[in-house]
Amino acid sequence: MISIKAISKWYGEFHVLKECSTTVSKGEVVVVCGPSGSGKSTLIKCVNGLEAFQQGEILIDGVSVGARGTNLSKLRSRVGMVFQHFELFPHLTVIQNLTIAQCKVLRRGNREATEKGQRLLDVVGLAAHAEKFPAQLSGGQQQRVAIARALAMDPIAMLFDEPTSALDPEMIKEVLDVMVKLAQEGMTMMVVTHEMGFAREVANRVIFMDQGQIVEDRPKADFFKSPDTDRAQQFLSKILSHGVQT
Amino acid sequence: MYQFDWSSIPGALPYLWQGMLRTLQITGVAVVVGIVLGTLIAVARLSKSSILSNLAALYVSGFRSVPLVMVLLWFYLLVPQIISSLFGQPGLDIRLLSAFVAFALFEASYYAEIIRAGIQSVSSGQVSAGLALGMTSGQTMRLIVLPQAFRRMIPLLLTQAIILFQDTSLVYVIGLAEFFGVAYNTGNRDGTLVELLLFAGIVYFVICFAASMIVRSLQKKLVS
């Protein structure tokens with residue numbers, strides 16, 4: 001579904017991504033973790049072309065992201081993305097947030113889009129909040145709306161860029177619950193997160209990044225039992241001893 | 001002690017009213033065209049194409065570096081032929097037309113800077129969110145960025161309109177009878193210039209003061 005082949009990226013002199021390669025198959029859930037500044041967010045933004053890369057190739061469902069002839073907008077409309085800071089549109093109501101791209105990008109009728117939006121709000125448990133503005137919702141609620149907004153486009157895969165890092169601890173669970181449900185329904189997901197509890201529960205594979213490199217890319221069980229590298233081990237022990245996430 | 005003679009004002013009121021309508025007409029055209037054109041210039045200025053952004057920068061700094069009176073005179077003296085061949089009706093007052101064009105183009109350069117700042121105040125995450133949903137960059141600008149930018153800019157845009165409303169008095173240099181011009185001419189004719197200019201000043205003050213109170217209350221509403 002998503003295949004990343006030897007991606008390299010520089011910001012000026014700074015080498016952000018160094019020959020990163022991995023694949024995400026259909027229905028697979030891959031968690032990307034690593035210390036801050038390791039390039040994991042940059043990597044996931046390269047997948048739908050929000051960040052450009054200088055070398056390598058990314059294929060989504062056979063379509064090359066970086067190639068000249070690619071219709072990036074069309075490709076992005078098929079890949080959902082959820083951001084750290086939600087990025088709901090503050091000038092639109094919740095339901096308008098869910099319908100605007102359906103109408104303007106997929107050319108769905110307003111009625112069809114609204115029905116779809118309402119159904120998805122129901123799925124994320126926010127059906128009663130359709131007419132509110134994003135600022136009237138809590139962080140956790142906003143992030144659930146953002147997930148519903150991405151799902152409204154019927155994506156073939158979902159990208160999550162630290163979806164819970166900006167949330168208060170008591171709201172993390174409500175967002176993770178939605179993500180777990182999504183994973184169990186067979187959605188193809190690539191998730192940048194520190195939530196190792198989430199990784200344990202639904203991930204098929206865990207990727208560990210450090211200094212722009214993919215250091216480990218292994219099945220979940222292997223990764224948690226015995227990371228190959230010291231760096232991953234240290235990272236894991238730090239994050240697990242912190243305790244909140246598990 | 002100076003003896004005020006207010007007697008010529010009542011008779012002049014209908015003409016002053018006509019003048020005020022003209023003032024509002026010029027202000028209205030310049031605000032609307034200025035904002036539309038200013039938006040295009042601001043978007044061009046922020047575009048990735050260096051040709052577009054340089055042209056826009058040249059336009060903005062060009063108009064902002066010359067006095068408004070001069071722009072008005074240029075458009076009146078140098079280019080009436082161009083204007084009349086463009087808009088072409090013989091019955092149309094060339095002075096009014098050149099005032100419309102001059103004010104609109106001049107104001108566009110000021111609006112462009114306000115709007116550019118407004119666009120830049122919208123976080124890049126909003127752009128990413130629009131793009132990630134499959135919108136083109138044009139759609140993202142139109143549907144996501146500009147509505148938020150304009151909401152924040154409303155007080156500034158209105159303040160600029162108030163300044164413009166006062167600046168329209170400059171059209172007296174091309175002999176156009178807007179509010180200030182009518183007051184001046186009437187006072188000159190009747191030998192009551194001081195009274196009429198005082199009266200005109202009070203009218204300007206009342207209108208602009210009321211308008212800026214509205215802006216202030218809007219500002220408070222937008223902040224909360």
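Here the structure is a predicted model, which is why all the values come from computation and not from measurement. Every heavy atom of this structure was used, including side-chain atoms; hydrogens, water molecules and symmetry mates were not. Chain identifiers are assigned alphabetically (A, B, ...) following the order of the sequence lines, protein sequences preceding nucleic acid strands; residue numbering begins at 1 within each chain.
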Closest non-hydrogen contact found for A:F83 with B:A129 is CE1-CA, 3.6 Å
If one checks every heavy atom of A:V79 against chain B at 4.5 Å, the contacting part turns out to be backbone
Does atom OH of B:Y184 have more than 12 heavy-atom neighbours from other groups under 6.0 Å away? no
dist A:H85:NE2 -> B:S128:OG (nearest 0.5 Å) comes out at 11.5 Å
Gap between atom CD of A:Q102 and atom CG of B:L133 - 0.5 Å precision: 10.0 Å
Is atom CZ of B:R64 surrounded by more than 12 heavy atoms (other residues, nucleotides or ligands) closer than 6.0 Å? yes
Is it the side chain or the backbone of A:L106 that comes within 4.5 Å of chain B heavy atoms, both, or neither? neither
Would you compute the distance between atom CD of A:E87 and atom CD1 of B:I144 and round it to the nearest 0.5 angstrom? 11.0 Å
Check this for me: A:K104, atom NZ, are more than 12 non-hydrogen atoms of other residues, nucleotides or ligands nearer than 6.0 Å? no
Could you check whether atom OH of B:Y172 has more than 12 heavy atoms from other residues, nucleotides or ligands sitting under 6.0 Å from it? no
Chain A contacts, top residue of B:T136, B:L131, B:V127 (heavy-atom pairs, under 4.5 Å): B:L131
Roughly how far, to the nearest 0.5 Å, is SG of A:C103 from CG of B:L143? 10.5 Å
Looking at B:V145, is its backbone amide N or carbonyl O close enough to the side chain of A:H91 to form a donor-acceptor pair, meaning the two atoms are under 3.5 Å apart? no
Using non-hydrogen atoms only, which part of B:S123 is less than 4.5 Å away from chain A: side chain, backbone, both, or neither? side chain
Take atom CH2 in A:W10; do more than 12 heavy atoms of anything else shown fall under 6.0 Å from it? yes
Heavy-atom proximity to chain B below 4.5 Å, by part of A:R149: both
Would you please test A:I100 and B:M135 for side-chain contact (heavy atoms from CB on, under 4.5 Å) and show each step? CA-CA 10 Å; A:I100 186 166; B:M135 294 184 191; 4.0 Å; yes
May I ask you to decide if A:V105's main-chain N or O and B:Q139's side chain share a donor-acceptor pair within less than 3.5 Å? no
Do other residues, nucleotides or ligands put more than 12 heavy atoms under 6.0 Å from B:Y110 OH? yes
